[in-house]
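Below you'll find the structure, written out as structure tokens, and then a few comments.
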Amino acid sequence: DQQVKQNSPSLSVQEGRISILNCDYTNSMFDYFLWYKKYPAEGPTFLISISSIKDKNEDGRFTVFLNKSAKHLSLHIVPSQPGDSAVYFCAASGNQFYFGTGTSLTVIP
Amino acid sequence: DAGVTQSPTHLIKTRGQQVTLRCSPKSGHDTVSWYQQALGQGPQFIFQYYEEEERQRGNFPDRFSGHQFPNYSSELNVNALLLGDSALYLCASSLYLGSGRTRVLRQYFGPGTRLTVT
């Protein structure tokens with residue numbers, strides 16, 4: 001039972017444009033959401049998070065939006081850079097962390 | 001400050017064998033979680049250790065067991081290995097940031113151990 005879903009396995013974006021990565025969840029009890037970035041041969045690295053009491057959190061080029069009614073969150077990267085190319089995981093926290101299956105982002109120079 | 005370290009990096013075992021994976025958390029982190037990441041999937045929570053006890057457990061059979069030592073390092077043991085146990089095993093150490101309603105658990109992942117069962 002996949003409680004956190006990332007329906008786009010991959011995404012390609014031109015350098016300088018906006019990257020939008022999406023994530024859906026099923027459990028309304030989740031109260032904290034995170035995005036992780038993963039390069040090959042490395043563990044996931046924390047990128048940005050949002051509490052369920054907020055609908056937006058911004059950190060530099062990265063913004064996470066939370067729509068609780070739709071059980072949906074998204075990560076916006078503006079402007080996208082080639083170094084952003086990685087696999088991005090969405091995660092939700094209840095009594096444990098639940099991860100999505102990841103979206104592989106490729107930023108084309 | 002060293003990050004989360006895991007050993008070994010890679011491991012090849014045969015079906016039915018047993019394996020032990022090791023994790024050293026970041027300095028000051030007293031909580032360690034283990035995850036299994038199969039190819040093409042996201043990390044799946046196995047269990048979490050705090051104060052040398054298993055505090056939370058995901059949907060994994062009893063063949064998966066663990067231990068946490070007084071220095072907060074941890075081991076993951078898998079018995080009677082199956083082909084389906086082939087995966088990247090990630091360790092994450094964590095600490096709480098903030099307080100009250102803004103208190104959140106921040107996890108830091110190690111690079112993982114790639115286990116191949118043949």
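In what follows, chains are A, B, ... by sequence order, proteins preceding strands, each numbered from 1.
No single ILVMFWY cluster, assembled from side-chain heavy atoms under 4.5 Å apart, contains both Phe65(A) and Phe30(A). The cluster map of Ile, Leu, Val, Met, Phe, Trp and Tyr, joined by side-chain heavy atoms under 4.5 Å apart, puts Val19(B) and Ile46(B) in the same cluster. A single hydrophobic cluster is seen to contain both Leu66(A) and Ile77(A), as judged by linkage of ILVMFWY side chains at heavy-atom distances under 4.5 Å, directly or through other members. By the rule that hydrophobic residues join a cluster once side-chain heavy atoms approach within less than 4.5 Å of another member, Leu73(A) and Ile20(A) end up as members of separate clusters. Hydrophobic clustering places Leu83(B) together with Phe64(B) (ILVMFWY residues linked when any side-chain heavy atoms are closer than 4.5 Å, directly or through intermediates).
Screening residues 56-66 of chain B for side chain to side chain donor-acceptor pair (under 3.5 Å) gives Glu54(B)-Arg57(B), Arg63(B)-Asp85(B) as the qualifying pairs, with residues at least two apart or on separate chains.
Leu90(B) approaches Gly43(A) most closely through the heavy-atom pair CD2-CA, 4.2 Å. For Ala41(A) against Pro111(B), the heavy-atom pair with the smallest separation is O-CB, 4.1 Å. Here the closest non-hydrogen pair linking Phe109(B) and Pro44(A) is CB-O, 3.4 Å.
Contacts of Gln6(B) with chain A are absent, with no heavy-atom separation under 4.5 Å from either backbone or side chain. In this structure, chain B has a heavy atom under 4.5 Å from the side chain of Ser49(A), while its backbone stays farther away. At a 4.5 Å heavy-atom cutoff, the contact between Glu42(A) and chain B is made by backbone atoms alone. In this structure, the portion of Tyr36(A) lying under 4.5 Å from any heavy atom of chain B is its side chain and not its backbone. Both the backbone and the side chain of Phe97(A) come within less than 4.5 Å of a heavy atom of chain B. Of the atoms belonging to Tyr35(B), it is side-chain heavy atoms, and not backbone ones, that fall under 4.5 Å from chain A.
Heavy atoms from other residues, nucleotides or ligands lying under 6.0 Å from CD1 of Ile12(B) number 12 at most. Atom NZ of Lys54(A) is surrounded by 12 or fewer heavy atoms from other residues, nucleotides or ligands within 6.0 Å. Environment of NZ in Lys5(A): sparse, with no more than 12 heavy atoms of neighbouring residues, nucleotides or ligands closer than 6.0 Å.
Counting heavy-atom pairs under 4.5 Å between each of Leu34(A), Thr101(A), Val87(A), Thr45(A) and chain B puts Thr101(A) at the top. By number of non-hydrogen pairs under 4.5 angstrom with chain A, the leading residue of Gln37(B), Arg114(B), Arg55(B) is Gln37(B).
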Check: When you look at Phe46(A) and Gln107(B), which way does the side-chain contact (heavy atoms from CB on, under 4.5 Å) test go after all the steps?
Finding: CA-CA 8 Å; Phe46(A) 170 78; Gln107(B) 291 192 109; over 6 Å; no

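In this structure, the side chains of Gln44(B) and Gln96(A) stay at 4.5 Å or more apart for every pair of heavy atoms.
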